Amino acid sequence: MKKLRLGVLASGRGSNLQAIMDRCQAGSLVAEVVVVISDKPAAYALERARRAGIAAYGLEMAAFPSKREYEQAVVELLREAGVQLLCLAGYMRLVGEPLLQAFPNKIMNIHPALLPSFPGLHGQRDALQYGVKISGCTVHFIDEGMDTGPIILQAAVPVLGDDTEETLAARILEQEHRLYPEAIQLYAEGRLEVEGRRVYIK
Ligand code: GAR
């Protein structure tokens, strides 16, 4: 099986990126990360990529006249690298038209809550504040909405009485690191079929 070429967009520390790279290295994910791009030039995710010998670019949106032009530059880098699937890993921006058009049904995201509950930037905090007893994470395809695309996989974790945002986030993160590579591997094997809102695993 030929390795799936992955591009990763990340805004922060990049632990999900690391989990994906590690699984590629181990061979349990038949893919390779070929480029990592961040909207935050100081993001540790870029450092992780460089250490692994992967092309890494920090593109500050403020350096571009508009979000459209920023995304066009991102698309160009992804195309140059021959990216087949784009993975958002802690990318804290809404994806716009240039990226969606360049990668139709080819952008995945991981979100730290059981969607459609608690979309947005603070999935763990919002779940805790709401008082749910179970939360978790969701891997989904990206559409034009905020965390609204078709759901691929979900994993649940308990919310404990003495949880803080940090302890809950850590429990969820453990599942994220397992779930995201699993979803990418299903894609690499051509086993994901999207019909409307539903993703069937063949
Ligand atoms: C992860 O928990 C991810 O689910 C979340 O940001 C964190 C990034 O961690 N993403 C979102 O909240 C997207 N709305 P990482 O940089 O260590 O992978």
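Atoms within each ligand, like the ligands themselves, are counted from 1 in listed order. Worth saying up front: this structure is predicted, and the values here are computed from it rather than measured. The figures that follow rest on heavy atoms only: side chains count, while hydrogens, waters and symmetry mates do not.
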Undergrad: Do me a favour and list the nearest non-hydrogen protein atom to atom 1 (C) of ligand 1 with residue, atom name and distance?
TA: Glu176 OE1, 3.1 Å
Undergrad: Take a 6.0 Å sphere around CD of Glu80 and say whether it holds more than 12 heavy atoms from other residues, nucleotides or ligands.
TA: yes
Undergrad: Check His122 against ligand 1 and report side chain, backbone, both or neither, counting heavy atoms closer than 4.0 Å.
TA: neither
Undergrad: Tell me if the CD atom of Glu174 is crowded by more than 12 foreign heavy atoms within 6.0 Å.
TA: no
Undergrad: Measure across Leu160 and Arg171 and return the closest heavy-atom pair with its distance rounded to 0.1 Å.
TA: CD1-NH2, 3.3 Å
Undergrad: Note the single closest protein heavy atom to atom 13 (C) of ligand 1, along with its residue, its atom name and the distance in Å.
TA: Met92 SD, 3.7 Å
Undergrad: Heavy atom to atom 7 (C) of ligand 1, shortest distance: which of Arg13, Arg48, His111, His177 holds it?
TA: Arg13
Undergrad: Can you tell me the protein heavy atom closest to atom 16 (O) of ligand 1 and the distance?
TA: Gly14 N, 2.8 Å
Undergrad: Would you mind running through ligand 1 and noting each atom that sits below 4.0 Å from a heavy atom of Gly90?
TA: 6 (O), 8 (C), 10 (N)
Undergrad: At a 4.0 Å threshold, what atoms of ligand 1 neighbour a non-hydrogen atom of Gly120?
TA: 14 (N)
Undergrad: Would you mind checking which non-hydrogen protein atom is closest to atom 15 (P) of ligand 1, with the distance to 0.1 Å?
TA: Ser15 N, 3.3 Å
Undergrad: Could you go step by step and tell me if Lys3 and Glu32 meet the salt bridge (charged side-chain N to carboxylate O under 4.0 Å, His left out) rule?
TA: CA-CA 6 Å; Lys3 286 184 186 173; Glu32 58 182 324; 5.3 Å; no
